[in-house]
Structures are given as C-alpha cells and as structure tokens.
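Just below is one structure, and these are the notes that go with it.
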Amino acid sequence: MALYSEKVMDHFLKPRNLGVIENADGVGEVGNAKCGDIMKMYLKIDDDIITDVKFETFGCASAIASSSMATELIKGKRVEDAMQLTNKAVAEALDGLPEYKMHCSVLAEEAIQAAIDDYKQKNL
Amino acid sequence: MQIYADNAATTKMSNAAIEAMTDCMRNWYGNPSSLYTIGQKAKEKLEEARREIADIINASPREIIFTSGGSEADNQALLTAAINGKRKGKTHIISSAFEHHAVLHTLNKLEKNGFEVTLLPVHENGIVRLDELEKAIREDTCLVTIMTANNEIGTIQPIGEIGDICRRRGVVFHTDAVQAVGHLPIDVKAENIDMLSASAHKFHGPKGVGFLYARKGIILQNLIEGGAQERGKRAGTENLPGIMAMVAALKEATSAMEKNNKHMAKIRDHIIRGLSEIPHSALNGDAERRLSGNINFSFEGIEGESILMLLDQKGISASSGSACTSGALDPSHVLLSIGRIHDVAHGSLRLSIGEDATKEEADYIIESVKEVVAHLRSFSPVWRDLTEGKKEFILK
C-alpha cells in the first residue's frame, strides 16, 4: 500500500489554486519553519462570497495536498460557510491521511480561519 | 529511469548472497547443535563462516558472535561494557551526539539506571575531536562508543586514533560499524577496537543478521537467554542461511572494496558538484572524510519529504532528515548535531549511491533534484520571504 491515497498524490503533484492574490481581501499564515510546515492563504471576497483563493505552502506532500484541497472546498462558498470548514472534512475529501499527518489538515483549517479573520478585521 | 539511491537504508542482496542463502536452505538445513551428520555439516558451515568473518576484520573466530543485526549487536556491546564497568565502580560512558538510535536509546536506558553519559560534539564537519575525547575520559569511564561512519551524513571518524587513546587510558572502545563494514577496511587489532557491530543488509547481505566482534577478555553479557549457542552468549538456533549469505556478501564487498570506493567517490563528487550549483544549498558533513556513496544536502526554503515524494515520481529512491518523514516533531538529530537549525534541517536530502551507479544516473539525479527544488521553492512562502528580504538566508 502506498503511503498516501491517490487523491493526496493528485493534489500534491497538481496543486489547485497555487500562487498569490495581489491586494487580497484576507491573508492568513499559520505554522512555522521550525516545525516544518507553513501555509499561507489568500482570499478574494465579493459580497461575502469567496470568489478566488490561492495558497503557498512550505511542507510535506500531505501539507501541500491539504492546502490544495482546502482551497477547493471553500472556493465559491459564502464566508460563513467557509468558516465551518473542519480539518476532518479536508482529510475526508483527500480519502484520508496517515494518522501522524492529520496535523496537516488541521493546519489547512487554521490557515483558512486566519485568512477569514484577517478579512473580518479589515472590514470591521 | 529507476535509480535506487538509498543504500544507507538497505542494499539489494547480491547474487552471491542469494545463492549462498538458497544453497544453505536446500543443503545445510540441519541444526548446528544436533549431533548427527546433517547437524554437524551445518555446524561446519557455521564455523567456516565465523572464520571467514574473523579473517576479514583481523579477529579470531572465537571473538565473533552472530546476532540478528546491528541494533542487537549495539545493545549487547553497550550493556556488556556497562555491567562489567559497574562491577568495578565505573559508571561513566562517552559517546557522540550523532550516534544511531540503537546506541543513543540504549544510552538513555542506561542513564535511567544510574549511568552518566557524555556525548561528544561532532562539530560542523561531523567528526569528533580527539582532544575533546581525551578530556572527557575520567577515572570512572567504562566505555567509549563512537560510530565508524555516520548513517546520515557519511562522515568517517578517526577510529584508529580513538582506539589508541582508549587503549592507553584503559577504557573499553566499541564502534558501531554498521555503515562501514564492507565499505571501509577494518582491522580490529591495528585500530585497538574492543567491540564492533555490523549488519549484513548494509553490504548486500540479507536483513535480520549481523555480528558482534568482542575482543578476547571481554565477558559478554547476554541479551537473550536460552541454549548454549554462540558459546552461551547468544541463545537461539543460529540463522545459518542468513549467516552464510552475509559471509558471501562480505567477501565480495571486501575483495572489490578499493575499486568500488574509487568509482563511487567519483560519482559522489560529480553529484556534489552538480547539487552545489543550486543557490542556498549546502553539503552536510565533511566533503572528504565521508563514505564514498554518501551525499547529503540541505536546501533552504523547502521541506524534505516533498522532495523525496517528487523524486520518487521520477524513479529516484532517496531519504531525508525531515521530521515529516518519520512522524517525529524534530528533524534528524544528526543534522541538528552538526549545527543545522530546524528550518534548514527539514529541507535535507540524503542520496546513498551503490557500487553500480553510473555517470548517466548521476546526471539524471542532478537534473531531477534541481527541478524538484525549483518547483517546491516556486510556491514556498518561506522562499518568498527569503527572496523578498523579509528573512535572512541561513545557507548563503
């Protein structure tokens, strides 16, 4: 059995929504280089709808796949709905992660939350 | 192209080893402890194997104990020196910061049982300093255990000089030579080695078999109690197919050692030169005093597991000291011990090439690593911060 599911490998080898959004409405960065994972999310939001999302990730294959999948799950969603995104949903959408890689999906959830928090701060 | 570049993890069994193993399974299946002819034939094969191993490292057959591998040999050597030392009131042990976990974890256990352990620094080049060893030895030091060659960065320790110091100071010297046996010439007498651990699968022998050399006069402590095999020092029916295959592999590796090392060092240096062209990268460990098959680099701004997974897609099997490859929180203790900070230790890659590596394969490896590093850096927020000047580069 391979280390990762086909979905994980697919998102790792062909990450969706890779890159940056200039003048993004919300930016969130979580993790640190000491631990070996950093995720940065950029959101474009119009009328409370996430119209575009991009990410940059420093980390292992499952960290890259988790960020990629998380962007897919929130793109086109209402901000309030995106806030409900859980790490479990990210992991399930990837057909599972190895137990010791679950923290990658947690990081993806936190990165989205951080980007939304940033958007809310800016729009108080 | 399929390139197996993880020979420090394990090697492919040689044809000679496979033949020796199957020959034993077919023809020498008796129990060496049985008294009838079939058993005694097996016993003959076992003792022949012991003589051949002893010859290769300049030991006596009685000084070789067959084990299940390097880890068992390390455990038995350390426990032996500790228990024998304690009887004389000596409970201090010296080792190095970047030993294999078979040694470090055994030392942890001994520390919990009242032993005091000093870990010598290995410095930026990954080599212990003799003056620091001299200074660390005390009246109550019962053991110095320092590996011959490091498994991650391949650096080779001055074993003969360490042996001299230990002999002069009356301290038992053990070396974990798992990465060295079959790859470097070893003479336990000339180098004043009291105990040495080896593992067959690192030199094209089978997994699950190795040996411990213990100089005459060292009273071995048992890890496994039972029958009278191995002069009562290691119970359990001998793994004769494994032992015969190990000897076949070691004989082959030893006779071709010089030629192999010359060839591999050339390929290694070619790869090192190629990878050095990658900006903000660094070779880990001394460039010269290293195993001829070992290449270990850190690349700033990226993480090692993703490097491995992408290289695997290109048919290259390699290894990394990143925490993400092991499920641990910290990256490799070896890379930390030579002063690589976490951020850079995570982005490490170990390539351990084999004797049959070619220049074409080396070029393909260089090309592939360059591509993979550039790809991962293209979407790394760390790399962005470094290139935009928001963060200082660690590797210049």
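Chain letters run A, B, ... following the sequence lines, proteins first, then strands; residues in each count from 1.
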Contacts table for residues 374-384 of chain B: side-chain donor-acceptor under 3.5 angstrom, sequence neighbours left out:
from: B/Arg377; atom 1: NE; to: B/Glu300; atom 2: O; distance (Å): 2.9
from: B/Arg377; atom 1: NH1; to: B/Pro279; atom 2: O; distance (Å): 2.9
from: B/Arg377; atom 1: NH2; to: B/Pro279; atom 2: O; distance (Å): 3.1
from: B/Arg377; atom 1: NH2; to: B/His280; atom 2: O; distance (Å): 3.1
from: B/Arg377; atom 1: NH2; to: B/Glu300; atom 2: O; distance (Å): 3.1
from: B/Ser378; atom 1: OG; to: B/His375; atom 2: O; distance (Å): 2.6
from: B/Ser380; atom 1: OG; to: B/Gly301; atom 2: O; distance (Å): 2.6
from: B/Ser380; atom 1: OG; to: B/Val382; atom 2: N; distance (Å): 3.2
from: B/Ser380; atom 1: OG; to: B/Trp383; atom 2: N; distance (Å): 3.1
from: B/Arg384; atom 1: NE; to: A/Glu56; atom 2: OE1; distance (Å): 3.1
from: B/Arg384; atom 1: NE; to: A/Glu56; atom 2: OE2; distance (Å): 2.8
from: B/Arg384; atom 1: NH1; to: B/Glu388; atom 2: OE2; distance (Å): 3.2
from: B/Arg384; atom 1: NH2; to: A/Glu56; atom 2: OE2; distance (Å): 2.8

Pair up each side-chain donor or acceptor in residues 73-84 of chain A with any protein partner under 3.5 Å, not counting sequence neighbours, and list the distances.
from: A/Lys75; atom 1: NZ; to: A/Asn17; atom 2: OD1; distance (Å): 3.1
from: A/Lys77; atom 1: NZ; to: A/Leu73; atom 2: O; distance (Å): 2.8

Practice task
Report, as yes or no, whether the 6.0 Å neighbourhood of atom CD on B/Gln313 holds more than 12 heavy atoms from other residues, nucleotides or ligands.
Solution key: yes
May I ask you to check whether over 12 heavy atoms, not counting those of A/Asp46, lie within 6.0 Å of atom CG?
yes
task: Taking atom NZ of B/Lys112 as the centre, report whether more than 12 heavy atoms of other residues, nucleotides or ligands fall under 6.0 Å from it.
output: no
Interatomic distance, CD@B/Glu305 vs OG@A/Ser62, rounded to 0.5 Å, equals 6.0 Å
All heavy atoms of A/Ala61 vs all of B/Ser306, minimum pair found to be N-CB, 4.0 Å
When the 4.5 angstrom heavy-atom criterion is applied to B/Leu310 and chain A, the contacting part is both
Here the gap from B/Asp343 atom CG to A/Cys35 atom SG, rounded to the nearest 0.5 Å, amounts to 9.5 Å
Rounding to 0.5 Å, atoms CG (B/Asp385) and CZ (A/Phe58) come to a distance of 11.5 Å
Does A/Asp37 offer a backbone N or O that forms a donor-acceptor pair with the side chain of B/Glu303 under 3.5 Å? no
| task | Count the heavy atoms of every other residue, nucleotide or ligand shown that sit under 6.0 Å from CD of B/Glu111, and state whether that count exceeds 12. | result | yes
When the 4.5 angstrom heavy-atom criterion is applied to A/Leu18 and chain B, the contacting part is side chain
